[in-house]
Every structure is written in C-alpha cells, then in structure tokens.
S.K.: 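Dumping the structure here so I can ask a few things about it.
Because the structure is predicted, anything quoted here is derived from the model rather than measured. Counting from 1, the numbers follow the sequence of the chain as shown.
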Amino acid sequence: MTNWLLLNINKWRGLLAAFACLLAVLYGGAMARADPAASEVNVTQPTVFLPKTSLGPDELAVIVNDADPLSVEIAQYYQARRGIPDSNMIHIRFAPGATVMSQTEFAKIKASVDAKTPQQVQAFALTWTKPYRVDCMSITSAFAAGFDKQFCAAGCAPTRLNPYFNSASTAPFKQYKLRPTMSLAGLDFEAVKNLIDRGVRSDTTQPAGTGYLLDTSDRNRNVRAGIYSELAQYMNGIVRLQPIKADFIESKPDILFYFTGTAQVAKLNSNTFVPGAIADHLTSAGGQLTDSMQMSSLRWLEAGATGSYGTVAEPCNYPAKFPNPGIAISRYAQGETLIEAYWKSVAMPGQGIFIGEPLANPYGGSKVSFNQGGLILRTYALTPGVSYALLGADSGIGPYHVVARHVRAGRGRVEITLKNANNLFYSFVPEDDSMAEMTHFGK
C-alpha cells in the first residue's frame, strides 16, 4: 500500500478520499459514539476508526445442525444479534443427543464444513452443547484444527501444541491454518439467548470489574496459583486483580474474571458477573458438559459468565492444558474478542472445550465524551509499543488531516484530550514516514 501511495502522491486529493474509505474497511472493526449523558456541550458525536485488533462478524462462521431444532434456533438468534453474513451460516446434519461423536462421522462433517466455509472466515461458532467431544478430542479443538490424535493423551502426557498460543495474530486461519472454535452452549434456548445477550452487551464497555484469582486448598488443582501475585502486579492500573487464598468467593458484585482450581465451586450463584466475564475451574472433567462427575463448566455460564473452559478427557494437572490467566486477561484487555484471548491462553487445547459468546469484546472500540468544549477519547484497542497518528475529517471519505502525532500505546487504556475538537470522524493509523508525508497534504 505504501509504494502505491508514493507512486501516485500527486493525486493526493483522490487518494485521501480512497484512503478514508479503506480505513472504514481495514481499520473500521471498532467504532464508538459518545454517551449523550456525558456530554456537556451540544457537539455532534464523532465516529472513531481503529486499527484492526480483533475478529469481526464477517470472519466468524456459525455451524448449525439442521437436525436439531435448538441448534437452528440458537443459530438464527446469534446471526441476528451479531450480523453474521448469510454466506457464513454453515449447515450440516447429524443425529443430536450423543455426548461423543465418532471420528468417522466427524470426518464427513468436517469435510462438508471446510467445503462450505468462505475463505475469509477465521473462526467457528458451534450452536449445540452435545456432542462436546470427538473420540478423544474436544469438539471445539476438532473443528479448529481437524481431528488429530496428537491432540489426545493416553494417561498423563503432553499433547500437540497450539500454534496460535499467545500470538499477536488477527488472522489465525490465514497464518496457522487454525480456526479457533467456541460453542454457544446451554441446556435450553433461554440460557443461550441470555449468554448471547451478555456478550453483545459487553462490547466496548471498558468494564471496571474485578478479577478474582483463587489460591485454593486443593493441592492437585491449584497449579496456576503460583503466578497470581505477579500477575496482579503486572496488570495493576489496567485490570483490578485480587488474589485470594480461599476455596470460593461469595456475594461479589463485580466479577470480571474468576480463575480457580477445584472440582466443585461453592456459592457460585451468590455472585454477580460483569457482562463479558471469563471464569473457569481447573479440574479433570469440567468440559463434560452434561454428565460430569464434577462441576460442569456450564454452571459458570448459568451463573452469568460469558466464557468458560473445561476438559473433556483426563488431562492430569498440566497447566498448559488449561487457560493461562495472565495471557487470557492481558489479551482481552488489549481489545481482542473472547474467542481470541481465550484460545491464545491454552498451549495444549486438544482436550479442552471452549464455551461462551465468541465475539464478546468489552475492551474493544473506544469511548468518546465531551468536557468543557474538549473531546476525550479513550481506548484499550491499540497495540502496545506502536506509535500512532490520529487523523480527523469532516466526512467519512476525507480529506483527513493530522490531529495528533506520536500517540504511543502502552499496556492498558490510552486517553487523549483534544481541545476545540470539531471533526466528525477520527482515525488512528500506525505512524511512519509515508503516512506522515501523505497526511501532510490533508492539512
């Protein structure tokens, strides 16, 4: 793109208009408008374009089992709530009811799904709770990477690694031939509807909840607790994390994260979860959603969480087979969706099922407010370490001009105050020499 701009720099007016249109496509995954209640002056609320930091509805395919009325109802509702394109609705058919699908049956279904999936799709959402497993793999990992026994383990042994683990990728299929998959799971339509609504409601809220990191008395299942104190210090000022030495918490009004290690979680329904919350318990059989001898991971969603995880076959207590809270929290707080942040946090995901609302994005987008004639723009969704220019325009097609330079993103929220701000459109773009030269002509 840079070379193309430089070769045509004399046509700067036309290029600025074209560039502005491209911003809406390439960087327009997140737009925010001001809260009227926060406005102190009568100023038209601007639109803000951000660089791409997360997956959007056009990159998610929804897989629906036409033989299961509940799957069909969930798929239709999710498509309407998230604006999933018709071409991304992938229809298959298999007899519902079993908890485990055979490798042979799955191979036929997966071949059909792959043939129907548009090339731009980077992730999948499943619209059923059963089956939750394919032979020895979780069903979400099987759809993500294809069935492969290297993702399974006979006894206590490591499994195949996740190439997407802790990556900065926003295109996992393009880069790794992996489509992260999450199940919109629940025992009835009302439960899944509530889950979907929570996910949608969480978007761009920049929530101020608390992450509770429990150091439990269950020695075998408490293997993640060693990182909690350091993680709380690292995320200080970005997300409030509270390590607690206890087997459970109760009557908490603001749960944003809840990570623990125990077979059962007491007093779960006494708590209130923030929309977009992630919660899981490290144990052997949480991912056996409908017939677990331990607490099913569905209980987290029923209590109000928006995403959870559990293993469908004996994983032993390998931390790599469970979400790393530090990665999940930090990636989520950089504007990634739930499916991206959660999938990137598990190094060995073959035996684990991801459940929840995939596109929940509480730290995506931006918030705009006005104060004493100035505009305050807040966002988490900029890449740490990258220097940005902020451009402004009175029209979506430009021309754009430089409003601020050298906006350098660190960890957490970026806040910019613009005095006498009067543009209707703003856009953050990575700052480099070619961008500076081009935007100079728009002044």
S.K.: Identify, with sequence neighbours excluded, every residue that meets salt bridge (Lys or Arg N to Asp or Glu O under 4.0 Å) alongside D215.
M.R.: K245
S.K.: From N271 CG over to I255 CD1, what is the distance, rounded to the nearest 0.5 angstrom?
M.R.: 3.5 Å
S.K.: Applying salt bridge (Lys or Arg N to Asp or Glu O under 4.0 Å), can you list everything that pairs with E340, at least two apart in sequence or on another chain?
M.R.: none
S.K.: Determine which pairs satisfy ring pair (Phe, Tyr, Trp, His ring centres under 6.0 Å) with at least one residue from residues 154-184, sequence neighbours left out, and list them in order.
M.R.: none
S.K.: Could you work out, with side chain to side chain donor-acceptor pair (under 3.5 Å) as the rule, every residue matching N236, not counting sequence neighbours?
M.R.: none
S.K.: Give, for atom CD of E431 and atom CG of L390, the distance between the pair rounded to the nearest 0.5 Å.
M.R.: 10.5 Å
S.K.: Can you pull out every ring pair (Phe, Tyr, Trp, His ring centres under 6.0 Å) where at least one residue sits in residues 227-278? Sequence neighbours excluded, please.
M.R.: Y258-W300
S.K.: Please, which pairs that meet disulfide bond (SG atoms under 2.5 Å apart) have at least one residue in residues 67-105, sequence neighbours excluded?
M.R.: none
S.K.: For R93, what residues pass the salt bridge (Lys or Arg N to Asp or Glu O under 4.0 Å) criterion, not counting sequence neighbours?
M.R.: none
S.K.: Quick check for you: to the nearest 0.5 Å, what is the distance between L195 atom CG and K193 atom NZ?
M.R.: 11.5 Å
S.K.: For the OG1 atom of T262 and the CG atom of L214, what is their distance to the nearest 0.5 Å?
M.R.: 9.5 Å
S.K.: Give every residue pair that meets the disulfide bond (SG atoms under 2.5 Å apart) criterion with at least one member in residues 50-153, sequence neighbours excluded.
M.R.: C136-C152
S.K.: Can you list everything that forms a salt bridge (Lys or Arg N to Asp or Glu O under 4.0 Å) with D247? Sequence neighbours excluded, please.
M.R.: none
S.K.: Quick one: side-chain contact (heavy atoms from CB on, under 4.5 Å) partners of E59, sequence neighbours excluded?
M.R.: K52, L55, Q122
S.K.: Under the ring-ring contact (aromatic ring centres under 6.0 Å, His included) rule, what do F143 and F106 come out as? Steps first, then yes or no, please.
M.R.: CA-CA 9 Å; F143 270 103; F106 177 76; 5.0 Å; yes
S.K.: Side chains of L282 and R224, heavy atoms from C-beta outward: is any pair under 4.5 Å?
M.R.: yes
S.K.: Got a sec, which pairs hit disulfide bond (SG atoms under 2.5 Å apart) with one end in residues 68-115, sequence neighbours left out?
M.R.: none
S.K.: Could you tell me whether R82 and E357 have a side-chain N and a carboxylate O separated by less than 4.0 Å?
M.R.: yes
S.K.: Kindly state each residue pair satisfying disulfide bond (SG atoms under 2.5 Å apart) with at least one member in residues 265-316, sequence neighbours excluded.
M.R.: C156-C316
S.K.: Measuring from atom OG1 of T290 to atom CG of L187, what distance do you get when rounded to the nearest 0.5 angstrom?
M.R.: 8.0 Å
